[in-house]
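Here's the structure we're looking at; comments come further down.
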Amino acid sequence: MEFGWNEELEAFRDEVRAFLQEFDTPALRNELANRGEAAQLGPEQTRLREALEDRGWVRMCWPEELGGEGKSQWFQFVMTEEFAKREVPYGSGFGTMVGPAIHRFGTEAQREKYLPGIWANDITLCLGYSEPNAGTDLAALETLAVKDGDDWLINGQKLWTSAADTASHVWLACRTDPDAPKHRGISTFIVPMDTPGISVRPIMTMSGGRTNEVFFEDVRVPSDALIGEVNQGWYIIANALDHERVWIGAGGGLRHIFDRLMAHVREKRPELLEDDVVRRRLVELELDLDVMEGLVLTNASIVASGDTPTMEASMSKIWTSELRYHISNVAMDLLGHEGALTEEADGFAPLDGELERTYRASPIQRFGGGANEVQRDIIARRGLGLPRH
Amino acid sequence: MDTTLSETQRLLRESLRDYLSNEVPFDRIRELEREGGADQTLWEYLAGAGFLGLPFTEAHGGEGGELTDTAVVLEELTRRACVIPFLETTASALAIERHGDEALAGEVVRGVISGVMTIAPALQGATPANGASPRVEAGALSGERRFVDYGAEVTHHLVEATENGEPGLYLVETAADGVATESLSTIARTPLAHCTYEGAPARRAGGAEALQFLRRAGRALCAVQCLGNAQQALDMTVEYVGMRVQFGRPIGSFQAVQHHCANMATQTLSARFLTYRAVWCVDQGIATDREIAKAKALASRAGTEVTMQAHILFGGIGYTEEYDLHFFSRHGKERALAWGSTEECLRVAADTLDEVQPWQ
């Protein structure tokens with residue numbers, strides 16, 4: 001047991017900080033602020049991304065068989081943490097999720113075809129998983145892929161396909177054997193979004209963000225669009241979802257909200273700090289953030305020791321997603337009516353409307369990436385070993 | 001950074017768990033509850049097997065280990081509801097060894113490791129005690145301390161007292177003239193005493209630094225006890241609901257029950273990280289009162305809420321004296337209050353809110 005950082009990691013942390021000092025420029029900030037929902041990186045982000053590649057930091061902790069250096073996962077953790085502290089994003093989440101799946105299950109030719117593009121962010125991805133009748137019960141998906149000569153012919157509909165309007169490719173789960181048990185008749189494909197027969201319809205969400213439904217009408221793709229074996233898809237998806245869960249769980253940013261809330265209260269609402277009840281509420285939020293940190297570090301520790309977290313990853317996902325709601329809810333409540341102001345209320349909104357935005361965007365964290373109820377099932381069954389019914 | 005147990009810690013835990021499950025039946029705890037006193041047989045075993053010397057320096061005959069090793073042992077002892085002054089003695093002797101009187105340290109640590117000396121801290125609690133604050137004049141201690149764990153069972157008290165207006169720690173023999181102990185009954189049914197000192201012979205053991213260390217170590221280790229009670233109740237619950245059949249199936253297959261268990265496990269694991277980090281920071285000398293208070297607040301809650309939720313899932317059988325669950329809910333609640341309750345600890349954190357630094 002050790003709760004500090006060794007010299008090697010401290011030195012690496014200093015390197016990352018120096019790196020960010022150099023690349024976290026006003027130009028980058030400006031680019032990020034005006035980025036909108038574009039999937040392609042702007043010139044400043046590309047410069048940062050390439051510099052990261054030059055240093056070999058992007059995949060340094062991946063196992064060698066996945067094209068990494070096999071370094072301790074703590075390097076990745078330290079780097080992620082330093083980027084998160086400065087709120088600088090690096091790379092696309094879906095790419096880091098799908099990339100390993102292609103590396104592990106694809107052919108040599110597929111790896112050469114897709115991976116360099118994914119790492120360079122030239123290939124950007126959206127996830128074609130959910131459908132109108134396949135949400136939490138993902139294995140009930142019905143989009144059909146039928147072998148037609150050497151090609152596959154795809155028909156069906158996907159839903160909640162975020163980034164479908166900007167991504168270059170879709171990572172697509174299709175039914176390839178309608179007669180097999182539902183988990184055993186699914187395959188995964190990677191399909192360019194400009195393939196004829198694909199159409200995208202926007203769906204606006206209450207967070208202000210856009211998601212989509214995507215229609216596939218006689219979409220013809222060559223045989224090498226299939227990744228992995230036919231009907232092996234569920235296994236591949238389950239692998240990738242594990243990555244997504246850790247990714248969502250670790251996606252903090254909540255600590256910044258707390259810091260900005262403290263700064264706001266200190267500067268603009270100092271009278272609140274005279275109130276013992278308010279101080280106690282702030283301490284409770286801080287404690288919740290401590291728990292989040294603890295769960296994240298516990299997960300990272302398990303990964304670094306060579307094991308795979310199961311229930312711990314689910315705990316972290318549940319806690320972080322529920323805290324996103326809770327911290328914005330409590331903060332808005334402490335501030336009173338001004339807590340309701342949005343960023344459009346120029347100059348009046350506390351934290352430039354971040355609390356209101358976070359509150360509005362918080363539901364998806366709880367039902368997305370494996371609903372929290374399912375996460376609790378996972379903790380109980382896979383973690384604690386309780387029986388299925 | 002590594003939150004997992006070291007090889008040494010795994011071995012310590014396994015060997016102690018084996019011993020306790022074979023040699024310390026719960027009926028032994030019941031007997032101690034009825035008759036009072038601490039488990040002398042267990043104490044002798046711990047001394048003989050080297051568990052008492054783990055955190056002390058090799059120069060004093062100790063193992064030179066980490067304080068987290070001791071915490072692992074303490075958690076195991078808690079999970080068997082053991083009635084011994086392990087936390088009290090270890091934290092007291094360590095305060096003297098690390099920050100107290102050097103001449104006294106060797107004598108005290110050797111006495112503790114050999115098993116002949118046991119020590120109860122008698123500090124100014126967070127809960128105000130009525131009565132005269134202990135003072136020392138010309139080597140004689142007078143005053144009273146209200147809440148002293150194992151005050152009647154240990155060989156020595158380590159009393160917080162003032163001498164010429166300066167706070168310090170003073171070592172007093174329980175058997176000395178002028179020391180009186182009166183047992184107080186608690187929800188835990190473990191020994192607690194109201195202690196009165198009237199001109200008792202006292203040796204100075206340390207000053208403000210030793211006192212601060214003892215407060216911090218005691219609070220962090222008490223958090224470990226809270227955690228141990230929660231973990232034991234959780235494990236017992238998971239085992240029970242996996243077996244108990246109602247409506248033709250194990251109740252642990254019902255989603256409502258599963259989600260309670262998932263929440264209990266999450267609360268316990270959350271407290272685990274902060275608790276062991278607090279102990280580690282105390283050991284490294286980098287602990288702050290604020291961080292320790294937050295860890296104890298969280299552990300206190302886990303020790304209370306997880307153990308009580310266990311009762312709700314167990315139903316009638318867990319409510320009986322014959323069954324063993326009540327040890328952990330009663331101990332869990334009492335430990336939640338000892339060394340600073342949730343509320344007292346949150347107050348410490350709230351009073352020091354200005355210490356919060358932005359994440360950078």
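All of these numbers come straight from a predicted model, not from anything done at the bench.
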Check whether [X] gets within reach of chain B through its side chain, its backbone, both or neither, counting any heavy atom under 4.5 Å.
X	answer
R381(A)	side chain
L9(A)	neither
R281(A)	neither
L384(A)	both
F258(A)	side chain

Can you tell which part of [X] gets under 4.5 Å to a heavy atom of chain A, answering side chain, backbone, both or neither?
X	value
R249(B)	side chain
D69(B)	neither
P358(B)	both
V356(B)	both
T68(B)	side chain
R272(B)	neither
L353(B)	both

Distance-only side-chain donor-acceptor flag, [X] / [Y], under 3.5 Å:
X	Y	answer
D235(B)	Q231(B)	yes
R335(B)	N229(B)	no
T57(B)	E97(B)	yes
S321(A)	Q365(A)	no
S305(A)	D2(B)	no
R301(B)	Q267(B)	no
T352(B)	R290(B)	yes

Using a cut-off of under 4.5 Å on heavy-atom pairs, state which of [options] scores highest against chain B.
options	value
R279(A), M1(A), M315(A), E293(A)	M1(A)
A300(A), P387(A), A380(A)	P387(A)
R388(A), E284(A), R86(A)	E284(A)
E81(A), R260(A), E312(A)	E81(A)
L295(A), D307(A), D290(A)	D290(A)
M311(A), E373(A), M262(A)	E373(A)

Quiz item: Does CD belonging to E8(A) count more than 12 external heavy atoms closer than 6.0 Å?
Solution: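 Open: at most 12 neighbouring heavy atoms sit under 6.0 Å from CD of E8(A).
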Quiz item: Hey, is CD on E14(B) packed in by over 12 heavy atoms from elsewhere, all under 6.0 Å?
Solution: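 Result for CD/E14(B): enclosed.
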Self-check item: Interatomic spacing from OH in Y323(B) to NE2 in H311(B) - rounded to 0.5 Å
Solution: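 NE2 of H311(B) is found 11.0 Å from OH of Y323(B).
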Taking every heavy-atom pair that is under 4.5 Å apart, which of [options] has the most such pairs with chain A?
options	answer
D283(B), L269(B), L5(B), D351(B)	L269(B)
Y276(B), F273(B), W359(B)	W359(B)
A297(B), S270(B), C281(B)	S270(B)
Q258(B), Q360(B), Q284(B)	Q258(B)

Quiz prompt | Shortest non-hydrogen contact from K85(A) toward H256(A) | solution =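 What the structure gives for the nearest pair is O-CE1, 2.8 Å.
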Exercise. Decide yes or no for E354(A) and R357(A): does some side-chain heavy atom of the first lie under 4.5 Å from some side-chain heavy atom of the second?
Key: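 In contact.
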Quiz item: Does the gap between the ring centers of F19(A) and W57(A) come in under 6.0 Å?
Solution: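 Close enough - the centres of the two rings lie under 6.0 Å apart.
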